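Have a look at the structure below, then the notes.
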Amino acid sequence: IAFQLGRYRQAEKLGLSALGRFKSLKAAAWEAMVENGLANTYAALNDFRSAEKYFQAALTSARATGKLVTEAEIEASIGNLEFSRGRYAEALRFLELSRKKFDELRMPHKSAIADLEIAEIYSELHLSDEAHELLSRVVGKLSAMKMQSEEARARFVLGKTAIRQRKSTFARKELEKASRLYELEKN
């Protein structure tokens with residue numbers, strides 16, 4: 001909750017406390033989730049060295065316990081960290097690893113989010129046709145699953161991509177739809 005509210009130093013303190021408790025209980029599966037949370041917290045604080053350290057620890061813990069869902073979530077987080085650092089090849093590699101695991105686990109909502117994140121990278125790299133194609137599929141999936149916030153984000157990226165493709169009417173429609181969805185979420 002502290003992380004979601006942007007209280008990163010509080011999230012760090014709580015995460016370190018939780019990690020200490022789970023280590024003393026030898027609860028490796030929980031350790032992996034807390035390490036992932038700490039890594040995301042450090043990424044939000046732009047402390048990339050600490051983020052990398054905790055992501056690696058989280059991956060080790062998740063793999064040791066065979067928690068494929070946690071491993072996929074950690075890989076997605078690493079992909080997002082690499083994207084924010086401009087390391088697009090690494091970001092795509094980790095997001096694709098994550099997406100494949102979510103497909104294997106039959107978690108379509110997580111696969112759709114991974115596809116959205118991959119499409120965002122395509123858009124950032126000006127691979128507009130690829131981004132547009134993937135986003136067009138993802139928007140429908142997110143809408144069908146009633147994932148309003150993610151759908152808004154996908155429509156925003158699709159609109160931005162359409163601007164690059166000089167499809168102004170289509171872009172305007174997607175950006176208006178994204179705006180309405182964000183308003184419904186009070187975001």
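These numbers were taken from a predicted model, which means no experiment stands behind them.
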Got a second to check how far [X]'s [atom1] is from [Y]'s [atom2], nearest 0.5 Å?
X      : Y      : atom1 : atom2 : answer
Ile113 : Lys141 : CD1   : NZ    : 12.0 Å
Tyr88  : Glu120 : OH    : CD    : 11.5 Å
Ile118 : Leu127 : CD1   : CG    : 12.5 Å
Arg155 : Ser136 : CZ    : OG    : 9.5 Å
Ile121 : Arg87  : CD1   : CZ    : 13.5 Å
Leu181 : Met147 : CG    : CE    : 13.0 Å

Side chains of [X] and [Y]: does their closest heavy-atom pair fall under 4.5 Å?
X      : Y      : value
Asn36  : Tyr54  : no
Phe55  : Asn40  : yes
Ile78  : Leu97  : no
Asp129 : Gln165 : yes
Arg137 : Asp115 : no
Phe22  : Met33  : no

Hydrophobic clusters here meaning ILVMFWY residues chained together by side-chain heavy-atom distances under 4.5 Å, can you tell me if [X] and [Y] are in one?
X      : Y      : answer
Val157 : Leu125 : yes
Leu68  : Met107 : yes
Phe102 : Phe94  : no
Met145 : Phe156 : yes
Leu45  : Phe3   : yes

Salt bridge between [X] and [Y], side-chain N to carboxylate O under 4.0 Å?
X      : Y      : value
Glu52  : Arg85  : yes
Glu73  : Lys110 : yes
Arg180 : Glu183 : no
Glu117 : Arg99  : no
Lys67  : Glu71  : no

Donor-acceptor pair, side chain of [X] and main chain of [Y], under 3.5 angstrom:
X      : Y      : answer
Ser61  : Ala57  : yes
Ser179 : Leu175 : no
Glu35  : Ala58  : yes

Minimum-distance pair of heavy atoms, taken over all atoms of [X] and [Y]:
X      : Y      : value
Phe48  : Ser84  : CE2-OG, 4.5 Å
Ala28  : Thr65  : CB-CG2, 3.3 Å
Thr161 : Ala131 : CG2-CB, 4.0 Å
Ala62  : Thr70  : CB-CG2, 4.1 Å
Ser123 : Arg164 : O-NH1, 2.6 Å
Ala72  : Lys101 : CB-CB, 3.7 Å

Option passing salt bridge (Lys or Arg N to Asp or Glu O under 4.0 Å) with Glu75 (candidates Arg63, Lys100, Arg93):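 Testing each of Arg63, Lys100, Arg93 against Glu75, the sole residue satisfying salt bridge (Lys or Arg N to Asp or Glu O under 4.0 Å) is Arg63.
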
Chi angles and distances behind the salt bridge (Lys or Arg N to Asp or Glu O under 4.0 Å) call for Glu150, Arg153: CA-CA 5 Å; Glu150 292 81 0; Arg153 180 174 152 201; over 6 Å; no

Over 12 foreign heavy atoms within 6.0 Å of CG, Leu25: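 Correct, the count exceeds 12.
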
In residues 6-21, what donor-acceptor pairs under 3.5 Å come from side-chain atoms, sequence neighbours left out?
{"from": "Arg9", "atom 1": "NH1", "to": "Glu12", "atom 2": "OE1", "distance (Å)": "3.0"}
{"from": "Glu12", "atom 1": "OE2", "to": "Tyr42", "atom 2": "OH", "distance (Å)": "2.7"}

Geometric class of the His132/Phe170 ring pair [parallel <30°, tilted 30-60°, perpendicular >60°]: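 Correct class here is tilted.
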
Leu116 and its side chain to side chain contact (heavy atoms under 4.5 Å, CB included) partner, picked from Val139, Leu135, Leu134: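 That would be Leu135; it is the only one of Val139, Leu135, Leu134 passing the side chain to side chain contact (heavy atoms under 4.5 Å, CB included) with Leu116.
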
